[in-house]
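Just so you know, residue 1 is the first one in the sequence shown, and it goes up from there. This one's a predicted model, so the numbers in the text were calculated from it and none came from an experiment.
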Amino acid sequence: MTTTQPLELLAPLSGVLLALDQVPDPVFASRLIGDGLCIDPTSQTLCAPLAGVISNIQDSGHAVSVTDDNGVQVLLHIGLDTVNLAGQGFTRLVQEGQRVLLGQPLIEFDADYLALNARSLLTLMLVVSGEPFTLLANGQVEVGQPLLRVSAFQPADEEVEEEGEALFSKPLTLPNANGLHARPAAVLAQAAKGFKASIYLHKQTQSANAKSLVAIMALQTVQGDTLQVSAAGEDAEAAIKALVTLLNEGCGEAGVATVEVAEPSAPAASSTVLRGVCASPGSAFGQVVQVAEPELTITEAGAGDALERAALDRGLLAATVALQRLQDNATGSAQAEIFRAHQELLEDPSLLEQAHDLLVQGKSAAFAWHSATVTTGKLFQGLGSTLLAERAADLADVGQRVLKLILGIQDRAWDLPERTILIAEQLTPSQTASLDTHKVLGFVTVGGGATSHVAILARALGLPAICGVPVQVLALANGKQVLLDADQGELHLEPNLAEIEQLEAARQQQVLRRQRDVAQAALPATTRDGHHVEVTANVASLQEVEQSLALGGEGVGLLRSEFLYLDRNRAPSPHEQAGTYAAIACALGTERNLVVRTLDVGGDKPLAYVPMDSEANPFLGLRGIRLCLERPQLLREQLRAILASAGFARLHIMLPMVSLLSELHLARTMLQEEALALGLTELPKLGIMIEVPSAALMADVFAPHVDFFSIGTNDLTQYTLAMDRDHPRLASQADSFHPAVLRLIATTVKAAHAHGKWVGVCGALASEALAVPVLIGLGVDELSVSVPLIPTIKATVRDLDLADCQLIARQVLGLEEAAQVREALRLYHAATVETSPVVEH
């Protein structure tokens with residue numbers, strides 16, 4: 001394909017523009033089908049965004065492709081899962097092969113019908129031929145308005161293949177309920193592109209290039225069609241085996257894949273590594289097992305309000321009991337908190353009100369509950385917040401639990417083989433918590449984030465896991481041997497023996513080191529040349545404080561006070577707050593620091609009982625100290641509760657998200673007034689989190705007015721690099737090892753020390769052993785880390801030499817990218833820490 005000059009594409013509909021990342025469908029959001037944009041439509045006629053030929057229009061009328069004379073091909077897809085409507089609500093105005101003019105009407109649709117019967121009205125416009133483009137509009141657009149400018153595309157010269165004789169598969173029966181529509185067609189085409197062979201898919205007398213999404217869709221397949229795969233070229237046999245397996249399994253479409261283990265398929269010639277984001281560290285070698293939840297049959301009509309209300313109440317009660325059992329059996333506070341939050345969702349008044357309204361309308365308990373949870377989940381997903389999207393996942397989990405109880409369906413654990421590497425589009429917290437860790441070695445998901453509840457549970461279970469993996473992972477054959485390297489965020493599809501042996505040796509070494517580190521956890525974190533670094537804990541409960549002390553923690557460097565406020569329908573009482581802070585302070589004692597961060601919530605972590613306007617970008621909105629100063633009574637009440645623990649520990653108060661000196665002054669004034677009202681003669685230490693670049697750059701201005709700084713590297717990284725740290729496609733680049741982030745840390749430390757103030761790091765970077773040398777070398781005084789990692793970080797400090805750390809810190813500040821910094825530190829680590837003897841205890 002070639003374009004001789006830029007081409008403008010017009011808006012095919014009126015509506016609101018959205019980025020593909022906001023589409024609640026992993027195939028479209030991951031751009032597997034193609035890059036482009038999404039429109040939430042306000043008009044009901046789809047028009048041609050470019051002049052050309054209708055290269056494909058689905059019989060169901062929900063999708064159409066237009067190709068211009070230079071080969072630019074645009075796919076328009078109305079709504080999500082609208083293929084299930086079998087043409088209802090759509091009127092096709094054009095035919096395949098017809099030439100159309102710019103702006104010509106292509107399809108009319110009944111928006112009201114689609115809104116009631118489809119998952120979403122969101123309409124996709126994708127440049128599937130692959131040309132780069134620039135956006136010409138944003139926000140609200142009108143049909144016919146210039147929308148994209150497609151750049152000239154110069155394809156690389158393709159290698160000429162010696163194809164040889166074509167091989168054919170045995171006939172197979174297509175299992176997909178709606179045939180090979182956009183989603184499964186994209187998975188099939190992506191897999192086919194991994195082979196050098198020329199590959200075709202055959203249906204009766206029709207054939208389609210299996211590497212072309214549009215060509216596959218043009219076959220207009222339906223469930224039960226007899227298909228064959230042919231291939232010609234050096235890897236033809238492997239291609240046929242892999243694609244036949246993929247087709248028999250439904251190309252990863254939910255409801256088709258099973259958990260039965262098939263024979264290992266022939267190695268695919270596709271990319272041998274799939275990359276995602278580390279959700280839980282570690283590594284494992286095992287066999288692929290694909291899992292998917294079966295579809296539940298829900299009857300809409302009820303048997304009477306009283307009967308259905310009783311059925312809903314029974315389901316909710318049984319779910320509450322089950323969640324309490326999960327809480328009681330939880331091995332740590334993180335797991336218990338998750339299922340306590342799920343219990344709160346069962347009591348959510350808005351959710352129950354929606355369900356009860358539907359019962360009054362004559363709907364069944366199952367239908368009413370399912371509708372309420374799905375509607376609320378879609379609302380969460382549509383607000384553009386990663387955290388709310390994760391709450392939607394929790395809501396879906398709770399919704400499914402109650403739904404099964406109402407329907408009387410036994411929730412059986414998956415029957416999995418030994419050495420399973422679980423593959424799923426998404427796992428729920430309940431599914432994750434119930435995994436048999438004797439059989440499951442790790443898991444890989446398309447959806448989810450590194451901060452999701454599933455990720456937290458995976459870390460608690462010690463299961464390596466990666467998320468945000470390309471959707472083609474759902475096409476891997478059951479039984480295929482793979483190597484999961486979660487530390488690197490990689491799934492190796494063709495691991496060799498040497499890699500596996502190296503992995504097993506490294507794991508054994510890690511086990512021995514961990515045993516040594518825990519045995520020596522009470523030793524101080526002092527470098528070989530006598531420099532002490534305080535290693536404290538990031539906590540969110542009294543239980544975690546007690547665990548940290550048992551593992552050698554020297555205090556609390558970050559108490560996330562929002563744990564008292566989140567996942568509940570009313571604010572905690574002053575008495576409850578004060579009691580919790582005092583208990584934590586007493587556990588620490590008067591010789592240890594307790595650093596309490598004031599309430600860090602807002603648009604990204606909303607509270608049900610603090611009304612807030614919806615924000616287009618919650619991470620840049622009213623959060624942290626900004627929200628608390630806007631609602632001073634909330635902050636004053638919390639300060640009074642924190643001050644009640646004064647004298648039980650060395651109390652410090654830390655303000656989050658400070659970007660202006662005036663914010664610090666206002667908060668200090670409030671603290672002084674509340675302390676005076678309580679009759680306190682001595683104020684606790686007051687500091688700020690450095691997580692906004694402006695605060696780091698002006699640390700010399702802030703330093704005279706604070707008692708300490710604590711650097712939150714998670715937010716500092718995403719604000720410095722302008723990358724959402726939970727974005728599945730950017731998370732691997734939003735790396736705190738980036739020299740820009742390290743330079744801001746260096747600036748902060750220099751300013752603080754010039755005024756005699758100490759600096760801690762409480763972000764995730766402090767919990768990475770690889771980062772410890774550079775943080776010590778930059779002069780950081782305290783590392784506040786995840787509780788289980790306290791022994792490891794303390795042992796790492798003891799293996800180091802301050803002068804060497806200062807040298808490596810100066811070196812990495814001059815590098816260009818995070819990857820270079822990581823590599824330099826790995827080499828340093830190998831030359832120092834790895835050479836320390838490992839002794840079994």
Side-chain angles (χ1 to χ4, degrees), residues 536 538-540 556-566 577 581 584 593-605 607 610 619-646 649-675 680 683-716 719 744-745 748 751-752 755 757-763 781-782 784:
T536 58
N538 295 336
V539 299
V556 167
L558 169 62
L559 174 60
R560 301 183 180 96
S561 67
E562 57 272 11
F563 82 94
L564 284 164
Y565 293 79
L566 293 170
Q577 291 185 57
Y581 297 135
I584 289 173
N593 281 357
L594 168 59
V595 180
V596 183
R597 180 176 69 188
T598 59
L599 191 56
D600 187 17
V601 296
D604 62 318
K605 285 182 279 187
L607 299 177
V610 178
F619 283 107
L620 300 180
L622 206 62
R623 59 178 294 219
I625 193 64
R626 299 169 186 170
L627 175 68
C628 288
L629 292 176
E630 179 117 334
R631 300 173 187 274
Q633 199 52 41
L634 195 65
L635 180 58
R636 285 184 179 277
E637 190 174 272
Q638 186 182 30
L639 291 174
R640 283 196 295 275
I642 296 171
L643 288 168
S645 62
R650 295 199 312 225
L651 183 62
H652 295 61
I653 294 176
M654 179 163 66
L655 308 173
M657 277 294 291
V658 172
S659 57
L660 303 171
L661 192 60
S662 58
E663 294 168 335
L664 171 62
H665 290 327
L666 282 169
R668 183 179 287 280
T669 299
M670 286 188 198
L671 178 62
Q672 291 168 338
E673 290 170 355
E674 295 304 327
L680 293 177
L683 280 177
K685 302 296 185 184
L686 182 64
I688 67 170
M689 284 191 78
I690 300 290
E691 48 193 338
V692 180
S694 63
L697 292 168
M698 297 186 67
D700 58 331
V701 176
F702 281 97
H705 304 281
V706 300
D707 295 304
F708 66 96
F709 289 133
S710 189
I711 301 171
T713 52
N714 301 13
D715 271 335
L716 184 61
Y719 291 139
L744 290 176
I745 294 173
T748 302
H755 290 84
K757 309 300 169 64
W758 63 267
V759 179
V761 173
C762 61
D781 304 291
E782 178 228 42
S784 189

Discussion item. Quick test of your reading: applying salt bridge (charged side-chain N to carboxylate O under 4.0 Å, His left out), list the pairs with at least one residue in residues 684-707, sequence neighbours left out, ordered by first then second residue.
Written reply: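 Salt bridge (charged side-chain N to carboxylate O under 4.0 Å, His left out) check on residues 684-707 returns no pairs.
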Could you check whether any side-chain heavy atom of [X] comes within less than 4.5 Å of a side-chain heavy atom of [Y], counting everything from C-beta outward?
X: Met657; Y: Met689; answer: no
X: Phe708; Y: Val595; answer: yes
X: Leu666; Y: Ile625; answer: no
X: Val658; Y: Val692; answer: no
X: Leu594; Y: Tyr581; answer: no
X: Thr536; Y: Val556; answer: no

For the atom pair [atom1] ([X]) and [atom2] ([Y]), what is the distance rounded to the nearest 0.5 Å?
X: Leu671; Y: Arg636; atom1: CG; atom2: CZ; answer: 10.0 Å
X: Leu683; Y: Leu643; atom1: CG; atom2: CG; answer: 8.0 Å
X: Ser784; Y: Leu559; atom1: OG; atom2: CG; answer: 10.0 Å
X: Met670; Y: Gln633; atom1: CE; atom2: CD; answer: 9.0 Å
X: Leu635; Y: Leu629; atom1: CG; atom2: CG; answer: 6.5 Å
X: Cys628; Y: Glu637; atom1: SG; atom2: CD; answer: 11.5 Å

Practice prompt. Go through the structure and list residues passing side chain to side chain donor-acceptor pair (under 3.5 Å) with Gln672, not counting sequence neighbours.
Written response: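 Partners of Gln672 by the side chain to side chain donor-acceptor pair (under 3.5 Å) criterion come out as none, since no residue qualifies.
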Fill in: Taking every non-hydrogen atom, the tightest pair across Thr748 and Ala699
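It is CA-CB, 3.9 Å.
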Worksheet item: Any idea which heavy atoms bring Glu782 and Gly557 closest together, and the distance?
Response: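 Smallest heavy-atom distance, with atoms named: OE2-CA, 3.4 Å.
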Worksheet entry | Any donor-acceptor pair under 3.5 Å from Lys757 side chain to Val706 backbone |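 Looks like yes, one N/O pair under 3.5 Å.
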Discussion item. Please check: side-chain N/O of Arg668 versus main-chain N/O of His705, any donor-acceptor pairing under 3.5 Å?
Written reply: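 Yes.
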Worksheet item: Can you tell which of Gln638, Gln577, Arg597 makes a side-chain hydrogen bond (donor to acceptor under 3.5 Å, both in side chains) with Ser561?
Response: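 Output: one option passes, namely Gln638.
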Distance-only donor-acceptor hits, side chain of residues 649-656, under 3.5 Å, sequence neighbours excluded:
residue, atom, partner, partner atom, Å
Arg650, NE, Asn593, OD1, 2.8
Arg650, NH1, Glu591, O, 3.2
Arg650, NH2, Asn593, OD1, 3.1
His652, ND1, Arg650, O, 2.9

Item to complete: Walk me through it: do Ile745 and Thr713 pass the test side-chain contact (heavy atoms from CB on, under 4.5 Å)?
Response: CA-CA 9 Å; Ile745 294 173; Thr713 52; 4.2 Å; yes
